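Only one structure is covered here, and it is reproduced in the block below.
Model, not experiment: these values are computed from the prediction. Chain letters run A, B, ... following the sequence lines, proteins first and then strands; every chain starts at 1. What you see below is based on every heavy atom in this structure, not just the backbone, and it leaves out hydrogens, waters and symmetry mates.
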2 protein chains.
Amino acid sequence: MADLSQSTGAGAGSLYNNFKGGKKELFRRSLLQRREDLNQFKELLERSEQPIELIKNFFLGIADEGEKSHKKGCIVANTIVEMTFVDEDLEKEAAQILKDTEALYTNTIISEQRKGNLQSAISADVLGKHLITLWCGINSSRRIYPDRNILHQQIELQLQILQ
Amino acid sequence: MADLSQSTGAGAGSLYNNFKGGKKELFRRSLLQRREDLNQFKELLERSEQPIELIKNFFLGIADEGEKSHKKGCIVANTIVEMTFVDEDLEKEAAQILKDTEALYTNTIISEQRKGNLQSAISADVLGKHLITLWCGINSSRRIYPDRNILHQQIELQLQILQ
DNA sequence: ATGTTATTGTAATGTTCGTTACAATAATGC
DNA sequence: GCATTATTGTAACGAACATTACAATAACAT
């Protein structure tokens, strides 16, 4: 909260008067924001002719972000690591967002498999979870290697599993 | 420090008298412990006839751990996420341990490639980094799915890249 | 056994940080 | 234009927690 006060220039009083619920509610709202992003991506996927390509490009796009962005990582994935044994509510809420993201991936994969656009013998369920694990893996390794080429190579390698 | 005092039964004074450096030094020593584990694994790999199998079984073994263990995860991978923008020293120290682990994997892969035991066309460098990304990915996803079968399936899928 | 040194437990200290009280200021409705 | 209401900034409060002071106790050496 002190950091937020500092960076926005708003005094502590202002923050609390305009934001009932304090620190935890602010955290929850930040996570909610990512749920909005998920809903938007869902619509994008539904309209797309090549949704698998969209997902792949989404992942590959991570590599192009800046170093500051790599260091920050994804708030949802971070929360799962940081809130374990600290705040179960927030951990669960973050985990649920990733599970819903997984469901979106899985459903997209099933749909494309039916259309014959995906010939991988691996089940959609396993592939959906694989993308979440990839997301989480990159969320950490992008801090160790905040390098476009390395990340691009790593992401591409793991996307090959999708075929 | 309060948690440690609570769980060990030792008073705060006892902790500080026997452990110069306080909280941060304690953290550093905990990380150092994982470096010891790395050195032990290195020796195991050097003695092994099938080092790649050893690495694979090491990863697959994660799936068999208990739920508490899944929730805790790996202190090194956790530190990289949790110490970014909080303590650069500790973040760097953790990142270095993962980089050294990567080097061990990469060297093992190079050695096995030369022996003709690995026919993957992918470079050892990329494969080594892949294993680190896998480690980090599983470190998060094991909290979302603390389930033996799911984790085993995910790890096996990603180990196939090694051939 | 006895003097010395290490170890322990409790209480106190200091710091960080989330939160609230309150007076000052700005915005809004009639 | 004035009364009411909302918003701001500062300072104070309180909780959590890392650290230290110190007296009591145990361990050890000669």
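Sorted by first and then second residue, the salt bridge (Lys or Arg N to Asp or Glu O under 4.0 Å) pairs with a member in residues 148-163 of chain A read D64(A)-R148(A); sequence neighbours excluded.
Base engagement by A12(A) is indicated by at least one non-hydrogen atom pair under 4.0 Å involving a base atom.
Side chain of E91(A) to main chain of I80(A): no donor-acceptor pair is present (N/O by atom type, distance under 3.5 Å, no hydrogens or angles). At least one donor-acceptor pair closer than 3.5 Å links the side chain of H70(A) to the backbone N or O of E65(A).
Under the salt bridge (charged side-chain N to carboxylate O under 4.0 Å, His left out) criterion, D100(A) pairs with R35(A), not counting sequence neighbours. Taking S5(A) as the reference, L15(A) meet the side-chain contact (heavy atoms from CB on, under 4.5 Å) condition, with sequence neighbours excluded. The salt bridge (charged side-chain N to carboxylate O under 4.0 Å, His left out) check on K72(B) picks up nothing, with sequence neighbours excluded. Among residues two or more places apart in sequence or in another chain, the side-chain hydrogen bond (donor to acceptor under 3.5 Å, both in side chains) test is passed with Y145(B) by E102(A). Looking at residues two or more places apart in sequence or on another chain, you find a salt bridge (charged side-chain N to carboxylate O under 4.0 Å, His left out) between E112(A) and K115(A). For D89(B), the side-chain contact (heavy atoms from CB on, under 4.5 Å) criterion is met by K24(B), R28(B), D87(B), not counting sequence neighbours.
For the segment residues 79-89 of chain A, no residue has any heavy atom less than 4.0 angstrom from an atom of DNA chain D. Of the residues in residues 15-31 of chain B, those placing a heavy atom less than 4.0 Å from an atom of DNA chain C are N17(B), N18(B), in numerical order.
The distance between the ring centers of W135(B) and F58(B) falls below 6.0 angstrom.
Bending across the helix from dA1(C)-dT30(D) to dC30(C)-dG1(D), expressed as the angle between its end axes from five pairs apiece, amounts to 10° (10° rounding).
Here the range on DNA chain C touched by chain A, meaning any atom under 4.0 Å from one of its heavy atoms, is dG18(C) to dA21(C).
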Expected list for residues 37-47 of chain B: side-chain donor-acceptor pairs under 3.5 angstrom, two or more places apart:
unit_1	atom_1	unit_2	atom_2	d
D37(B)	OD2	R34(B)	NE	3.1
E43(B)	OE1	R47(B)	NH2	3.2

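In terms of hydrophobic clustering, with Ile, Leu, Val, Met, Phe, Trp and Tyr side chains grouped at heavy-atom distances under 4.5 Å, V81(B) and V76(A) are assigned to different clusters.
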